Amino acid sequence: MRHRILAPLCASLALLAAVPAAHAAATDQLQTFVTSVKTARGEFTQKQIKGQGGDAKVAGTSSGTFAFSRPGKFTWRYVKPYDQLLQADGQTLYIYDKDLNQVTERKLDNALGSSPAAILFGSNDLSKNFDVKNGATRDGVEWLELTPKSKDTQFERIGIGFKGGNLEAMELRDAFGNTTLLTFTGIQKNPSLPADAFRFTVPKGADVMKQ
């Protein structure tokens, strides 16, 4: 089974950067992140977890790379177990399935909405779409909880974890009690990215569907 979290949301998930205020509350660290980190790149590991507590089981694991330039430009590439790409150029989101040689195009404004990607790649006006509060500290990770104000979203709660001033992880809890856990490594903040880094070119012979 292919784990494409962002397909139903049309959004890319990667909270990605070191945040300088090591002992600040998680809400302060996130605000620093969205205002000071304009570009970033790194690697991610994604786990799909079914159930909660002692009944929780890992249903699948995937990994890949990401990069973004705020607002609205990003790439989110799954490398394992399948090669898939989500890429946005600031106006359009492209979802490319290499095995099917198929591209899906969607307008970026409609794709982001109150999704996790609005936190990562959009503007810094978080209060417009989310209720934000500090959460618990678990294993040295300070968690921030965001609840979408819109009811038209797949996720009921979004958790963002910081440790030692660095972005550590992201948890996405859906309405069925299942969780998607993202962890980040090799993060570079504010790197210089090529001007065409987020320009998508339709692969030769690919079918294109517009939504």
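As the structure is a computational prediction, the values presented were derived from the model and not from experiment.
- Thr180 has its side chain out of reach of Ile49: every pair of non-hydrogen atoms, C-beta onward, lies at least 4.5 Å apart.
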CA sep, side-chain torsions, deciding dist, call: Thr75, Phe200, side-chain contact (heavy atoms from CB on, under 4.5 Å):
CA-CA 10 Å; Thr75 60; Phe200 184 81; over 6 Å; no
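- Between Val202 and Val208 there is a side-chain heavy-atom pair separated by less than 4.5 Å.
- Within the 4.5 Å cutoff, the side chain of Phe44 has no heavy atoms near those of the Met170 side chain.
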Atom pairs and distances, donor-acceptor, side-chain atoms in residues 87-95, under 3.5 Å, two or more places apart:
| residue | atom | partner | partner atom | Å |
| --- | --- | --- | --- | --- |
| Gln87 | NE2 | Phe198 | O | 3.2 |
| Gln87 | NE2 | Arg199 | O | 3.2 |
| Asp89 | OD1 | Gln91 | N | 3.0 |
| Asp89 | OD1 | Thr92 | N | 2.9 |

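- A side chain to side chain contact (heavy atoms under 4.5 Å, CB included) with Ser62 is found for one member of Lys80, Gln46, Gln48 and no other, namely Gln46.
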Show, in sequence, the C-alpha distance, side-chain angles and deciding distance for Leu144 and Val132, and conclude whether the side-chain contact (heavy atoms from CB on, under 4.5 Å) test is met.
CA-CA 7 Å; Leu144 177 73; Val132 184; 3.6 Å; yes
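- Thr39 places a side-chain N or O within 3.5 Å of a backbone atom of Pro191 that can act as its donor or acceptor partner.
- The closest side-chain heavy-atom distance from Leu182 to Thr45 is not below 4.5 Å.
- Here the straight-line distance linking atom CD of Gln188 with atom CD of Glu43 works out to 9.5 Å at 0.5 Å rounding.
- The two residues Ala206 and Val103 come nearest to each other via the heavy atoms CB-CG2, 4.2 Å.
- Residues Lys38 and Asn190 share a closest heavy-atom pair of N-OD1, 2.8 Å.
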Go through the steps to decide whether Ile160 and Leu146 satisfy the test side-chain contact (heavy atoms from CB on, under 4.5 Å), and finish with yes or no.
CA-CA 8 Å; Ile160 301 171; Leu146 293 91; 3.5 Å; yes
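- Phe74 places a side-chain heavy atom less than 4.5 Å from the side chain of Leu108.
- Counting heavy atoms from C-beta on, the side chains of Val37 and Phe68 come closer than 4.5 Å.
- The environment of CG in Asp196 is crowded: more than 12 heavy-atom neighbours from other residues, nucleotides or ligands sit within 6.0 Å.
- Considering all non-hydrogen atoms of both residues, Ala169 and Trp143 come closest at CB-CH2, 3.8 Å.
- Scanning for salt bridge (charged side-chain N to carboxylate O under 4.0 Å, His left out) contacts around Arg77 gives Asp83, with sequence neighbours left out.
- Remark: Glu168 CD to Arg138 CZ distance equals 11.5 Å, nearest 0.5 Å.
- There is a side-chain donor-acceptor pair under 3.5 Å between Asp97 and Gln84.
- The shortest non-hydrogen separation linking Glu156 to Thr147 is O-CG2, 3.8 Å.
- The two residues Ser192 and Arg41 make their nearest non-hydrogen contact at O-NH1, 4.3 Å.
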If you apply the rule side-chain contact (heavy atoms from CB on, under 4.5 Å), what do you find for Met209 with Gln102, and how did you get there?
CA-CA 8 Å; Met209 300 186 299; Gln102 184 179 83; 3.5 Å; yes
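- Under the 4.5 Å side-chain criterion, counting only non-hydrogen atoms from C-beta, Phe66 is in contact with Ile187.
- Contact annotation: the side chain of Tyr96 approaches that of Asn101 to within less than 4.5 Å [non-hydrogen atoms, C-beta and beyond].
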